[in-house]
2 protein chains.
Amino acid sequence: MKVKASRAPLSRERVLVAAAALADAEGVQALTMRRLAAELGVEAMSLYYHLPGKESLLDGLVEHVLGEIGAAVSRLDATANGQDWRAQLRQRFLAAREVMLHHPWAPGLIGTRSAVPAGVYTYYDGILDTMLGAGFSYRIAHRALHAFGSLPLGFAQEVFSPTSAGGSLDAQTGEAEIAEMANHLPHLAAMVAAEIHNLADPTLGWCDSQTEFEFTLDLLLDGLERLRG
Amino acid sequence: MKVKASRAPLSRERVLVAAAALADAEGVQALTMRRLAAELGVEAMSLYYHLPGKESLLDGLVEHVLGEIGAAVSRLDATANGQDWRAQLRQRFLAAREVMLHHPWAPGLIGTRSAVPAGVYTYYDGILDTMLGAGFSYRIAHRALHAFGSLPLGFAQEVFSPTSAGGSLDAQTGEAEIAEMANHLPHLAAMVAAEIHNLADPTLGWCDSQTEFEFTLDLLLDGLERLRG
DNA sequence: ACCTGAACACCGTTCAAGT
DNA sequence: ACCTGAACACCGTTCAAGT
């Protein structure tokens with residue numbers, strides 16, 4: 001894992017790339033200033049020459065992911081014009097999801113930032129462009145942005161087990177546990193029994209499979225379509 | 001803030017109550033084992049007699065909040081039977097929101113738990129009871145649970161500024177900043193200008209006002225109603 | 001300009017020891 | 001049964017100092 005041959009001097013960019021790689025490989029909790037420095041073959045204090053501190057490192061990581069999303073979205077824009085507004089937003093959100101699938105630590109990290117990263121504003125401005133062009137009022141467009149929640153960034157922000165050990169209600173749930181569950185949680189037990197095959201794809205968080213993501217997305221898009229001015 | 005007169009011996013419950021009070025008063029980042037112990041007039045190591053460790057303390061806090069929601073919801077159930085399924089879920093989610101408004105640290109904390117708290121299962125079983133009674137299939141009911149996201153627990157999980165300093169896009173946004181913004185974010189700037197009055201109620205996170213919450217909720221409920229079997 | 005050593009003020013946690 | 005002191009292995013960060 002340690003790359004000793006790196007004698008190009010450190011830079012903000014190199015630090016961020018190494019940090020993303022470390023988070024991808026070992027999770028965000030392994031991302032400490034000391035550990036990251038060791039990964040770069042350097043002392044922890046050296047990082048402070050390139051970044052003001054740890055918060056700024058995490059902000060940088062978030063912007064890094066947002067940059068990937070921005071790139072993926074603008075690759076889309078070439079072909080997307082003239083389509084239905086729903087199809088345009090749909091493929092943008094799904095492109096963002098592709099990026100997020102490669103950085104499972106990103107959703108959790110985004111939730112901890114105190115300021116809105118700059119890249120988000122430009123991205124949201126693009127969403128508004130599409131919606132206003134389709135005839136939505138500012139009021140509905142504004143509410144739509146809130147209603148979308150985290151979908152524009154490609155993840156359904158599940159309440160529990162954001163990226164970690166995975167709740168007990170997954171595909172591994174055994175027959176015995178379901179039987180025990182049936183006593184005090186009858187409906188949930190019956191639903192798990194009926195839906196057990198849907199739980200086999202733990203990509204981003206608890207049951208956030210592609211199917212669930214698209215269902216929620218279309219539910220919102222279709223609902224908004226009926227409110228279009 | 002320090003209560004010295006407490007000579008009743010510590011207990012798990014007293015520790016949790018003190019922890020919730022500390023988080024309410026100074027935020028979750030002030031909640032360290034050492035600080036909490038000091039608040040209880042005791043040494044940090046004493047806490048380990050009542051709790052296995054910090055993670056378990058945080059789990060306990062989450063269950064504490066879920067307990068409040070459960071109590072509020074069962075107070076509702078007496079009067080709610082016989083109503084439309086949407087009205088039933090609606091008042092449950094709004095009751096949960098009341099609880100969350102008193103514990104602004106709870107949404108963020110819930111996001112960091114690795115296992116699904118037990119109280120959630122019973123709560124979700126109740127939601128299923130309502131939906132199945134209204135004629136929904138297991139499949140749609142399952143997808144509905146995912147689509148709801150964090151709404152059942154009373155908060156719209158906004159992507160940024162969960163409970164902290166508040167993004168720059170709030171009611172304090174000045175005329176000059178909006179003018180500057182208009183250059184590269186034309187739609188966003190126009191929307192803020194048109195909607196500035198809606199941004200004055202920072203309750204849970206960025207723009208998560210009662211109005212936004214209910215808009216999203218009804219959008220989902222009405223969308224699901226059309227899929228009812 | 002770029003990196004480092006030593007030190008500071010914190011963490012959570014273990015463990016043997018006190019009463 | 002309940003609490004503590006001392007110690008360990010970590011954090012992020014400052015600052016004066018090295019090259």
Side-chain angles (χ1 to χ4, degrees), chain A residues 1-20 22-23 25-62 105 108-109 111-115 164-165, chain B residues 1-20 22-23 25-62 105 108-109 111-115 164-165:
Chain A
M1 179 123 310
K2 184 171 301 188
V3 180
K4 254 314 178 36
S6 55
R7 280 278 44 90
L10 244 44
S11 69
R12 193 187 119 94
E13 188 56 24
R14 276 195 60 218
V15 171
L16 288 180
V17 168
L22 182 54
E26 305 191 33
V28 78
Q29 86 288 347
L31 187 60
T32 72
M33 297 299 271
R34 291 166 134 103
R35 176 69 202 284
L36 175 59
E39 215 70 33
L40 286 159
V42 100
E43 297 301 315
M45 309 77 200
S46 310
L47 302 176
Y48 287 83
Y49 188 80
H50 304 277
L51 290 161
K54 175 141 195 202
E55 283 308 294
S56 138
L57 173 74
L58 299 180
D59 288 342
L61 274 183
V62 168
W105 44 268
L109 197 59
T112 68
R113 299 303 82 207
S114 60
S164 54
Chain B
M1 177 123 314
K2 184 172 300 189
V3 181
K4 255 311 178 40
S6 55
R7 279 280 44 90
L10 244 44
S11 68
R12 193 186 120 93
E13 187 57 26
R14 276 195 59 215
V15 171
L16 289 179
V17 167
L22 181 54
E26 305 191 33
V28 79
Q29 85 288 347
L31 187 59
T32 73
M33 296 299 270
R34 291 168 134 103
R35 176 69 203 283
L36 175 58
E39 215 70 32
L40 286 159
V42 99
E43 296 301 316
M45 310 77 201
S46 309
L47 301 177
Y48 287 83
Y49 189 80
H50 304 278
L51 290 161
K54 175 141 195 203
E55 284 307 295
S56 138
L57 172 74
L58 300 180
D59 286 342
L61 274 185
V62 167
W105 42 269
L109 197 58
T112 68
R113 298 305 81 207
S114 60
S164 52

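Chain letters run A, B, ... following the sequence lines, proteins first, then strands; residues in each count from 1. On a predicted model such as this, the values are computed, not experimentally measured, just so you know. Basis for what follows: all heavy atoms, side chains included, without hydrogens, waters or symmetry-related copies.
The shortest distance between the side-chain N/O atoms of A/S46 and the OP1/OP2 oxygens of C/dC2 is not below 4.0 Å. Residue B/H50 places no side-chain N or O under 4.0 Å from the OP1 or OP2 atom of D/dA1. Between A/Y49 and C/dC2, a side-chain N or O to OP1/OP2 separation shorter than 4.0 Å is present.
The shortest non-hydrogen separation linking B/L40 to B/A18 is CD2-CB, 3.7 Å. Nearest heavy atom pair, residue B/L36 against residue B/V15, reads CD2-CG1, 4.0 Å.
For the pair A/L10 CG and C/dC2 P, the interatomic distance rounds to 10 Å; values are reported in whole Å. One atom, CG of B/L47, and another, P of D/dA1, lie 19 Å apart when rounded to the nearest Å.
When side chains are defined from C-beta on, A/L61 does not count as touching A/V28, because their heavy atoms never get closer than 4.5 Å.
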* Nucleotide-resolved protein contact map, nucleotides 6-19 of chain C, B/S/- at heavy-atom distance under 4.0 Å -> BB---BBBB-----
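Listed by chain and residue number, A/R113 satisfy the side-chain hydrogen bond (donor to acceptor under 3.5 Å, both in side chains) test with A/E55 (two or more places apart in sequence, or in another chain). Not counting sequence neighbours, the partners of A/A23 by the side-chain contact (heavy atoms from CB on, under 4.5 Å) test are A/W105.
Rounded to the nearest 0.5 angstrom, A/L22 CG and A/T32 OG1 are separated by 8.0 Å.
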Exercise answer: donor-acceptor pairs, residues 43-54 of chain B side-chain atoms, under 3.5 Å, sequence neighbours excluded:
| unit_1 | atom_1 | unit_2 | atom_2 | d |
| --- | --- | --- | --- | --- |
| B/S46 | OG | B/E43 | O | 3.2 |
| B/K54 | NZ | B/L31 | O | 2.8 |

* Asked: Just the dot-bracket of DNA chain D, please: which string comes out with Watson-Crick or G-U pairs under 3.5 Å, [ ] for crossing, | for another strand?
  -> ||.|||||...|||||.||
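Between the B/Q29 side chain and the B/E26 main chain, a donor and an acceptor come within less than 3.5 Å of each other.
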